[in-house]
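Note sheet for the following structure.
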Amino acid sequence: MERAQAYIASGHAVVVHIDLEKFFDRVNHDILMGLVAKRVADKRPLKLIRGFLNAV
């Protein structure tokens, strides 16, 4: 809360905090990777992203 209040005090209008961990537990990894692959041609980052998704 202190950090959010500091952001507001410094002039930011909105502070958003989200926990993405649960999202990636629930999202279909194959669909996500297909969407990412449409925008990323290089296979190396795709392999890295897949590794992050599969990490436990």
Side-chain angles (χ1 to χ4, degrees):
M1 286 303 299
E2 289 175 14
R3 202 179 235 172
Q5 290 172 337
Y7 284 131
I8 296 294
S10 69
H12 291 82
V14 177
V15 176
V16 177
H17 172 82
I18 57 174
D19 182 1
L20 290 177
E21 182 179 1
K22 298 291 186 221
F23 171 77
F24 289 107
D25 288 343
R26 293 185 175 99
V27 70
N28 183 310
H29 293 176
D30 294 327
I31 293 173
L32 177 62
M33 288 304 300
L35 293 171
V36 172
K38 287 181 181 180
R39 293 181 166 250
V40 179
D42 189 347
K43 300 295 182 195
R44 293 173 295 178
L46 295 176
K47 287 182 181 180
L48 183 63
I49 294 168
R50 176 64 79 174
F52 285 133
L53 291 172
N54 290 333
V56 178

Hey, can you pull the donor-acceptor pairs under 3.5 Å for the side chains in residues 44-53, sequence neighbours left out?
unit_1 : atom_1 : unit_2 : atom_2 : d
R44    : NE     : D42    : OD1    : 3.2
R44    : NE     : D42    : OD2    : 3.3
R44    : NH2    : D42    : OD2    : 2.8
R50    : NH1    : D30    : OD1    : 3.4
R50    : NH2    : D30    : OD1    : 3.2

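Sorted by first and then second residue, the ring pair (Phe, Tyr, Trp, His ring centres under 6.0 Å) pairs involving residues 12-37 (not counting sequence neighbours) are Y7-H12.
In terms of the side-chain contact (heavy atoms from CB on, under 4.5 Å) criterion, residue partners of V14 (sequence neighbours excluded) are, by chain and number, V16.
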